[in-house]
Number of protein chains: 2
Amino acid sequence: MGFVTDAPDAKAAAADPAKRGRDRSADVKQAIRDSATQLFATQGFAATGVREIAERAGVDPALVIRHFGSKAALFLGTMTLPGSWSHAIEGPLDETGERLAAFVFDQRPRVAASGTYAALIRASDSAEVRHELRMAVHRLLVAPLRHRLEGDDRSVRAQLVVTQITGLMSALWVTEDAEMLIGSGDAVIRLYGAAMQQLITPLQAR
Amino acid sequence: MGFVTDAPDAKAAAADPAKRGRDRSADVKQAIRDSATQLFATQGFAATGVREIAERAGVDPALVIRHFGSKAALFLGTMTLPGSWSHAIEGPLDETGERLAAFVFDQRPRVAASGTYAALIRASDSAEVRHELRMAVHRLLVAPLRHRLEGDDRSVRAQLVVTQITGLMSALWVTEDAEMLIGSGDAVIRLYGAAMQQLITPLQAR
DNA sequence: GTCTATAACGTGATAGAC
DNA sequence: GTCTATCACGTTATAGAC
């Protein structure tokens, strides 16, 4: 397979076999968590096997289940959206649209963010994953953004700006729309930023 | 399970057992296709079994594979986005944003459109599905829309309007964002429509 | 008692024999 | 076209090591 991202042989990162009992157990659990995070984010839920996670962590497959209950629970426990949107949301209000677009655009190579989002969307047939996803998006994006808006329909507008953001994330990370990448990032940021700005600070004009 | 949409017992729709040879074979194939379309659109790829598809079509499970090669190929062959966007795209240009938003919003109860889109997105870990999805979206939305735009950056703008559309589809059909439904459809259509209009007929002002 | 490893079960998709 | 075998999967039962 071969991943570009990091250590070619992260196996046996499991634990110092010299350790015993609770110490080693914690290490094993962490090794499983790390392995799962990597694999889920790069391959998704369905394509990643429990045996594969275990092998990469250097432990027995049964341990994965014993420690986390099920593959689904492990997925839910590890796949959490990283929340570093504060800078994009908290700057000057009249350029927030562009900052948001630029932020999404710049995350492209980062597997932690883009891979996690894609994995969650693709696993969203589970009601639990959908719930997790909605909560995370609300906490990280909708709520902070709504807090900054002024005027009418604040809630709906915040929600809709986030809908635009997730649309961009989907295009870049889920369906991987290549045209948009070559289509000059600058234009994307400027134009999509303006479209979001329309809902952040609405113009009276029409 | 119980589906709200249609015939409670569509089983044995397979074929008239009196028929022979090529005739019956075509009927069987169609019955499998119908069954698969229904089930994939309501339950998604992973949750739908070959046995289940076969039972609903009234045929042997092995026939499903024999006729379509694999479950994945059957999925690819049946899940195609319905394309009835013409009205929304072809009306007066200065209200296209609202028409697009309204069209998406009104599709909500229709499983054929919403379920198919959700199923495709969730199966988009397959490179083939991603390709299929991009082609369909381009053919149904990006190309017709770009054809109607004027001014600079037509291609990018068309692409970005479609990004907004898919964002709305994701929110309504994939993550199933409930707040937006109660959040008064009228406001959603008006506001999101305006945001799309921003890219369809850009204002010079700022 | 607690953590780990072996082996086995049930179910899924699919391939091959008839 | 139908039946049965195969193989990989998630998961569990159970026994071993400290």
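Here is how names work: the chains are called A, B, and so on, in the same order as the sequence lines, proteins then strands, and each is numbered from 1.
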(request) Please say whether the positively charged group of B:Lys71, taken as NZ for Lys or CZ for Arg, lies over the ring of B:Phe40, i.e. under 6.0 angstrom from the six-membered ring centre and within 45 degrees of the axis. (result) no

(message) Taking the side chain as everything from C-beta on, heavy atoms only, tell me whether B:Asp125 gets closer than 4.5 Å to A:Gln43.
(response) no

(message) What is the distance, to the nearest angstrom, from the NZ atom on A:Lys29 to the P atom on C:dT2?
(response) 14 Å

(request) Figure out the CZ/P separation between B:Phe68 and C:dT14, and round it to whole Å. (result) 13 Å

(request) Using atom CG of A:Leu63 as one end and atom P of D:dT14 as the other, report the distance to the nearest whole Å. (result) 18 Å

Side-chain polar contacts of residues 76-92 of chain A - donor-acceptor pairs under 3.5 angstrom, sequence neighbours left out - could you list them?
| from | atom 1 | to | atom 2 | distance (Å) |
| --- | --- | --- | --- | --- |
| A:Thr78 | OG1 | A:Leu74 | O | 2.7 |
| A:Thr78 | OG1 | A:Phe75 | O | 3.3 |

(message) Looking at C:dT4, I'd like to know if its phosphate oxygens (OP1 or OP2) sit under 4.0 Å from a side-chain N or O belonging to A:His67.
(response) yes

So which protein nitrogen or oxygen atoms get under 3.5 Å of nucleotides 10-12 of chain D's nitrogens or oxygens?
| from | atom 1 | to | atom 2 | distance (Å) |
| --- | --- | --- | --- | --- |
| D:dG10 | OP1 | A:Val50 | N | 3.2 |
| D:dG10 | OP1 | A:Lys71 | NZ | 3.2 |
| D:dG10 | OP2 | A:Val50 | N | 3.0 |
| D:dG10 | N7 | A:Arg51 | NH1 | 2.8 |
| D:dG10 | O6 | A:Arg51 | NH2 | 3.3 |
| D:dT11 | OP2 | A:Lys71 | N | 2.8 |

(message) Measure CD/A:Glu55 against C1'/C:dT4 and give the value in whole Å, please.
(response) 18 Å

Kindly list each side-chain donor-acceptor pair under 3.5 angstrom involving residues 133-140 of chain B, sequence neighbours excluded, with atom names and distances?
| from | atom 1 | to | atom 2 | distance (Å) |
| --- | --- | --- | --- | --- |
| B:Arg134 | NH1 | A:Thr175 | O | 2.8 |
| B:Arg134 | NH1 | A:Glu176 | O | 3.1 |

(request) Would you sort out whether A:Asp153 and B:Arg190 count as a side chain to side chain contact (heavy atoms under 4.5 Å, CB included), showing the intermediate values? (result) CA-CA 11 Å; A:Asp153 298 314; B:Arg190 178 170 47 82; 3.5 Å; yes

(request) Measure from CD1 on A:Ile32 to P on C:dA5 and round the result to the nearest Å. (result) 10 Å

(request) Go through the side-chain N and O atoms of B:Gln30 and B:Asp34 and say whether any donor and acceptor fall under 3.5 Å apart. (result) yes

(request) In whole angstrom, give the distance that lies between atom CG of A:Asp27 and atom C1' of C:dT2. (result) 16 Å

